[in-house]
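Worksheet: the structure to be examined is printed underneath.
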Amino acid sequence: MNNIFSIIGFNSIIKIFTIVSLIVMGYVDIKKKSISIWMLSLFLCISIVLESVNILCFNKTIMIENYILILVFTCILSLVAYLTRCLGLADCIIVFSIMIMHDFFVGLVLLFVSSLIAAVFVIIGLCLKKISKKGSIPFIPFLCVSSIIIFTLEWSMLL
């Protein structure tokens, strides 16, 4: 019984780390229009360490198929982002890190919900003529908002 609470507590720590990191990176993305490679590297390394701790200390099952799926999806997402310029490479690395820490499907849902929120934001901005069609907007704040929504819904389902 104590081990179950430890696992739930550690997963909560991972979720809080994700949200806080996305808030910080989102703020930097809004202010500077880019994310430092050091910040991305740190986020990725901490993500891998947290996943390793989850596997080693809490006996999380290793599903190689999940990691292969994450890697293939991230490569395809990065290629599409490079060709279409719809996402930045930093966004792809962040989605990759989230998928490593949480799960492929959690990362996919976060990406989908973020895209929906961004689309609504862009449509409203275009209608109000606050955003130009050729302009770019930071995507990390939308990842942050969607992670808060999804993790809050997930926590409320646990209670």
Side-chain angles (χ1 to χ4, degrees), residues 1-78 80-81 86-122 137-159:
M1 193 72 161
N2 191 18
N3 195 21
I4 292 173
F5 291 117
S6 298
I7 292 170
I8 292 172
F10 189 72
N11 286 335
S12 295
I13 290 170
I14 292 174
K15 289 172 185 167
I16 291 169
F17 166 74
T18 302
I19 292 170
V20 170
S21 299
L22 288 174
I23 289 171
V24 170
M25 288 188 286
Y27 178 77
V28 170
D29 198 17
I30 290 170
K31 290 295 182 187
K32 294 187 177 183
K33 303 285 187 202
S34 67
I35 297 294
S36 156
I37 191 69
W38 299 109
M39 191 179 288
L40 282 173
S41 300
L42 183 64
F43 182 67
L44 180 60
C45 289
I46 292 174
S47 302
I48 292 170
V49 166
L50 288 173
E51 179 66 5
S52 300
V53 167
N54 209 0
I55 290 169
L56 295 173
C57 296
F58 298 107
N59 299 324
K60 180 180 176 185
T61 55
I62 301 174
M63 297 184 59
I64 298 299
E65 306 86 24
N66 192 34
Y67 295 113
I68 292 171
L69 189 62
I70 291 169
L71 191 59
V72 169
F73 178 79
T74 304
C75 289
I76 292 170
L77 182 65
S78 299
V80 169
C86 62
L87 280 177
L89 185 59
D91 302 321
C92 297
I93 292 170
I94 290 170
V95 169
F96 173 75
S97 299
I98 289 171
M99 286 181 170
I100 289 290
M101 281 188 292
H102 299 285
D103 188 44
F104 173 75
F105 295 105
V106 171
L108 197 60
V109 168
L110 279 172
L111 184 62
F112 179 73
V113 171
S114 301
S115 299
L116 288 178
I117 295 170
V120 169
F121 181 82
V122 168
I137 58 169
F139 189 68
I140 297 172
F142 299 109
L143 282 170
C144 179
V145 170
S146 67
S147 69
I148 290 170
I149 291 169
I150 289 170
F151 294 153
T152 303
L153 289 175
E154 193 174 85
W155 276 322
S156 66
M157 288 179 175
L158 289 176
L159 299 176

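Note: hydrogens, waters and symmetry copies are ignored here, and every other heavy atom, side chains too, is used.
The shortest heavy-atom contact between L22 and L143 is CD1-O, 3.8 Å. Heavy-atom minimum distance, Y67 versus I62: CE1-CG2, 3.9 Å. Smallest separation of non-hydrogen atoms from I100 and K60: O-NZ, 4.5 Å. Smallest separation of non-hydrogen atoms from M99 and L108: CE-N, 3.7 Å.
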Run the ring pair (Phe, Tyr, Trp, His ring centres under 6.0 Å) test on F17 and F43 for me, step by step, so that the C-alpha distance in whole Å, both residues' side-chain angles and the decisive distance to 0.1 Å come before the verdict. CA-CA 9 Å; F17 166 74; F43 182 67; 5.5 Å; yes

- Walk me through it: do N66 and D103 pass the test side chain to side chain contact (heavy atoms under 4.5 Å, CB included)? CA-CA 8 Å; N66 192 34; D103 188 44; 3.2 Å; yes

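The CG atom of L44 sits 11.5 Å away from atom CD1 of I98, with the distance rounded to the nearest 0.5 Å. Separating the CD1 atom in I93 from the CG atom in L89 is a distance of 4.0 Å, to the nearest 0.5 Å. Rounding to the nearest 0.5 Å places CD1 of I76 at 10.0 Å from CG of L71. Summarising the geometry, atom CG belonging to L111 is positioned 6.0 Å from atom CG belonging to L77; distances are rounded to the nearest 0.5 Å. Between atom CD1 of residue I94 and atom CG of residue D29 there is a gap of 7.5 Å, rounded to the nearest 0.5 Å. Considering CG of D91 and CZ of F142, their distance stands at 11.0 Å, rounded to 0.5 Å.
Put simply, the side chain of N54 reaches to within 4.5 Å of the side chain of N11, judged on heavy atoms. T74 places none of its side-chain heavy atoms less than 4.5 Å from the side chain of V95.
Scored by the side chain to side chain donor-acceptor pair (under 3.5 Å) test, Y27 finds no partners at all (sequence neighbours excluded). Every residue two or more places apart in sequence or in another chain that forms a side chain to side chain donor-acceptor pair (under 3.5 Å) with S146 is listed here: S114.
The ring pair (Phe, Tyr, Trp, His ring centres under 6.0 Å) contacts involving residues 87-116 comprise F73-F104, H102-F151, where partners must be two or more places apart or lie in separate chains.
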